[in-house]
Amino acid sequence: MCVGCRSRTAQSDLLRLVVVGAVITPDTAGRAPGRGAYLHPDLRCWEMAERRKVWGRAFRTSGGLDTARVAACFEGLPRVGVEPGSR
């Protein structure tokens with residue numbers, strides 16, 4: 001399930017994110033150890049996840065997490081694909 005739009009889809013259509021230290025990092029190979037959170041590679045889903053502040057819940061942590069590395073991946077991406085609230 002995408003943590004941004006909360007729609008269920010095939011895992012292969014989503015980008016896996018993991019926490020390394022206190023930094024959320026894209027796991028493009030899908031093999032990094034630890035708890036993963038999944039997000040559509042869509043700017044709209046990224047913005048919804050940021051607005052809803054899902055990272056603490058998704059990674060089951062109470063500390064602040066750095067999202068700069070993932071934000072860099074989403075810069076310049078178009079808003080396409082999933083409509084908010086569609087499941």
Side-chain angles (χ1 to χ4, degrees):
M1 177 170 31
C2 175
V3 295
C5 67
R6 301 192 43 86
S7 67
R8 293 188 184 275
T9 188
Q11 192 172 353
S12 60
D13 294 338
L14 300 170
L15 173 65
R16 183 172 190 255
L17 306 173
V18 294
V19 174
V20 177
V23 179
I24 300 175
T25 306
D27 177 18
T28 54
R31 301 193 188 283
R35 182 170 181 81
Y38 294 86
L39 191 64
H40 282 111
D42 182 340
L43 184 58
R44 185 180 301 154
C45 290
W46 166 253
E47 290 171 345
M48 282 190 279
E50 282 288 283
R51 185 172 49 245
R52 291 179 38 237
K53 299 178 181 166
V54 302
W55 308 120
R57 266 188 325 276
F59 293 111
R60 295 183 182 168
T61 182
S62 59
L65 297 171
D66 181 8
T67 61
R69 188 172 287 174
V70 179
C73 291
F74 283 90
E75 284 181 7
L77 284 180
R79 293 179 189 176
V80 297
V82 179
E83 289 295 321
S86 66
R87 290 187 183 188

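- Put simply, the side chain of L65 does not reach to within 4.5 Å of the side chain of V23, judged on heavy atoms.
- Remark: F59 CZ to I24 CD1 distance equals 5.0 Å, nearest 0.5 Å.
- Contact annotation: the side chain of R69 approaches that of P26 to within less than 4.5 Å [non-hydrogen atoms, C-beta and beyond].
- The shortest heavy-atom contact between C2 and L14 is CB-CD2, 4.1 Å.
- Dense packing is recorded around CZ of R52, with more than 12 heavy atoms of other residues, nucleotides or ligands lying under 6.0 Å away.
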message: Show, in sequence, the C-alpha distance, side-chain angles and deciding distance for V70 and L17, and conclude whether the side-chain contact (heavy atoms from CB on, under 4.5 Å) test is met.
response: CA-CA 8 Å; V70 179; L17 306 173; 3.9 Å; yes
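- The salt bridge (Lys or Arg N to Asp or Glu O under 4.0 Å) contacts involving residues 22-36 comprise R16-D27, where partners must be two or more places apart or lie in separate chains.
- The two residues P41 and D13 come nearest to each other via the heavy atoms CD-O, 3.4 Å.
- The shortest non-hydrogen separation linking L39 to G4 is CD1-N, 3.6 Å.
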task: Show your working on side-chain contact (heavy atoms from CB on, under 4.5 Å) between Y38 and Q11 and close with a plain yes or no.
output: CA-CA 8 Å; Y38 294 86; Q11 192 172 353; 2.6 Å; yes
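- Residue F74 comes nearest to H40 through the heavy atom pair CE2-O, 3.5 Å, listed as atom of the first residue, atom of the second, then distance.
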message: Go through it in stages, so that I can follow the logic: the residues are T61 and W55, the test is side-chain contact (heavy atoms from CB on, under 4.5 Å), and I'd like the CA-CA distance, side-chain angles, deciding distance and then a yes or no.
response: CA-CA 8 Å; T61 182; W55 308 120; over 6 Å; no
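- Proximity of W46 to L15: side-chain heavy atoms (C-beta onward) are nowhere separated by under 4.5 Å.
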